[in-house]
Amino acid sequence: MISAQDWADTRCLWDYHQMGHSARPCSVAVGLGSHDLGVADIAVDLYKRGMAPLLLFTGATSPTTRERMPRGEAVHYRERALELGVPGSAILVEPQARNTGENIHFSRELLEREGVDVTSVLLISKPYEERRAYATARKLWPEVEIISASTPMTLQDYVDSIGDARLVIDMLVGALQRLLIYPEQGFMISQHVPDNVLQAYDRLCQRGFTSRLLRSDATSS
């Protein structure tokens with residue numbers, strides 16, 4: 001059973017994970033690969049609204065996307081953007097990255113090779129990974145302005161889209177753990193985590209929403 005307190009704690013984490021940035025025109029929009037084609041959809045929407053003249057999709061495959069996106073996350077994102085009317089000349093693909101740190105590092109290298117002058121990045125991720133993506137980019141790409149974006153949706157909408165409430169809670173808990181431990185490992189900048197968020201996180205861990213937690217010796221970003 002997922003209790004009322006569990007849901008209240010989950011909403012607390014959900015709200016914290018989102019940065020609340022307002023989209024504005026940037027040098028490039030970078031869509032981080034995942035199982036969620038909604039990242040490509042919102043990237044296209046932002047492109048059509050004039051928020052970026054260029055889309056860059058980054059991501060290889062993972063155990064959770066290998067069957068659904070056999071050609072790689074970034075390639076499937078590109079195909080989705082083409083279906084939605086974005087010209088191929090406005091899309092770059094980085095097909096090697098396997099974690100958020102590589103997403104940022106390889107995207108930066110690709111843009112440098114392509115001669116794209118980047119002063120600001122519209123960084124697009126899943127809704128609950130906005131803050132993680134932002135913190136990673138600020139560490140690895142500190143000289144550019146980072147604006148976080150994701151598909152606008154409520155927690156309930158996201159749970160409905162995934163179809164597994166416990167998995168969603170586990171993912172939110174796992175994302176918060178990374179925000180707590182990765183700064184010490186050099187993967188991202190440190191950010192203030194309010195006491196109420198830490199308390200919600202601790203209660204959810206105690207309640208067993210722990211399938212996405214890393215071992216203490218894990219080092220992947």
#### Entry: Nearest non-hydrogen partners of S120 and C26, listed with the distance
OG-CA, 3.2 Å
### Message
side chain to side chain donor-acceptor pair (under 3.5 Å), that's the test. Do Q191 and R131 meet it? Break it down for me.
### Response
CA-CA 9 Å; Q191 297 180 93; R131 189 173 291 275; 3.1 Å; yes
### Query
Would you say E73's side chain and T65's backbone share a donor-acceptor pair under 3.5 angstrom?
no
## Note on the structure
One should read off an interatomic distance between R71 CZ and R78 CZ, to the nearest 0.5 angstrom, of 11.5 Å
### Message
Let me confirm one number: the CG-CG distance from D15 to L155, rounded to the nearest 0.5 Å.
### Response
8.5 Å
### Query
Got a second to check how far R166's CZ is from R207's CZ, nearest 0.5 Å?
7.5 Å
### Message
side-chain contact (heavy atoms from CB on, under 4.5 Å), that's the test. Do T10 and L204 meet it? Break it down for me.
### Response
CA-CA 8 Å; T10 300; L204 290 170; 4.0 Å; yes
### Task
Nearest 0.5 Å please: distance from the CG atom of D9 over to the CZ atom of F209.
9.5 Å
### Task
For T154 and D157, run side chain to side chain donor-acceptor pair (under 3.5 Å): C-alpha distance rounded to whole Å, both residues' side-chain angles, the deciding distance at 0.1 Å, then the answer.
CA-CA 5 Å; T154 66; D157 287 340; 3.2 Å; yes
### Query
Is a side-chain donor or acceptor of D45 paired with a backbone partner of I42 at a separation under 3.5 angstrom?
no
### Single-linkage hydrophobic cluster, 4.5 Å side-chain cutoff, L179 and I169 together
yes
### Query
So do the side chains of V39 and L32 get within less than 4.5 Å of each other, counting heavy atoms only?
no
### Query
Among the clusters formed by ILVMFWY side chains lying less than 4.5 Å apart, do V144 and F106 turn up in the same one?
no
### Query
Same hydrophobic cluster for L13 and V159, using side-chain heavy-atom links shorter than 4.5 Å among ILVMFWY?
yes
### side-chain contact (heavy atoms from CB on, under 4.5 Å) between H17 and E130, worked out
CA-CA 6 Å; H17 282 308; E130 277 194 20; over 6 Å; no
### Task
List the atom of L46, the atom of A23, and the distance in Å for their closest heavy-atom pair.
CD2-CB, 3.9 Å
### Query
Under 4.5 Å between any side-chain heavy atoms of M188 and R132, yes or no?
yes
#### Entry: side-chain contact (heavy atoms from CB on, under 4.5 Å) assessment of W7 paired with R11
CA-CA 6 Å; W7 280 118; R11 283 190 293 273; 3.7 Å; yes
#### Entry: Flag, side chain of T210 to backbone of L213, donor-acceptor distance under 3.5 Å
no
### Task
Would you kindly confirm whether V28 and F57 end up in one hydrophobic cluster when ILVMFWY residues are joined by side chain heavy atoms under 4.5 Å apart?
no
### Task
Check the angle between the aromatic planes of F187 and Y182 and answer parallel, tilted or perpendicular using the 30° and 60° thresholds.
perpendicular
#### Entry: From E129 atom CD to T136 atom OG1, the distance as rounded to the nearest 0.5 Å
9.0 Å
### Task
Decide yes or no for S107 and H105: does some side-chain heavy atom of the first lie under 4.5 Å from some side-chain heavy atom of the second?
no
### Task
Step through the shown structure and confirm whether more than 12 heavy atoms of other residues, nucleotides or ligands are within 6.0 Å of CD on E184.
no
#### Entry: Residue that, paired with L123, satisfies side chain to side chain contact (heavy atoms under 4.5 Å, CB included) out of N103, I147, V30
V30
#### Entry: Under 3.5 Å donor-acceptor, S27 side chain and T119 backbone
yes
### Message
Rounded to the nearest 0.5 Å, what separates atom CZ in R212 from atom CG in L167?
### Response
5.0 Å
### Whether E94 side chain and A97 backbone form a donor-acceptor pair below 3.5 Å
yes
### Pair Y134 and H21, ring centroids less than 6.0 Å apart
yes
### Atom of Q18, atom of S150 and distance for their closest heavy-atom approach
OE1-OG, 4.4 Å
### Task
Report yes or no: do L56 and L82 belong to one cluster of Ile/Leu/Val/Met/Phe/Trp/Tyr joined by side chain heavy-atom distances under 4.5 Å?
no
### Task
Could you go through the side-chain contact (heavy atoms from CB on, under 4.5 Å) check for L110 and L92 one step at a time?
CA-CA 8 Å; L110 175 58; L92 293 175; 4.1 Å; yes
### Query
Is the side chain of Y77 donor-acceptor paired with the backbone N or O of D36 at a distance under 3.5 Å, no angle test?
yes
### Query
Got a donor-acceptor contact below 3.5 angstrom from the R98 side chain to the T61 backbone?
yes
### Task
For Q206 and D202, run side chain to side chain donor-acceptor pair (under 3.5 Å): C-alpha distance rounded to whole Å, both residues' side-chain angles, the deciding distance at 0.1 Å, then the answer.
CA-CA 6 Å; Q206 292 167 12; D202 286 340; 5.7 Å; no
### Flag side-chain contact, heavy atom, 4.5 Å: H76 against R80
no
### Message
Between R108 and E143, does any NZ, NE, NH1 or NH2 come within less than 4.0 Å of an OD or OE carboxylate oxygen?
### Response
yes
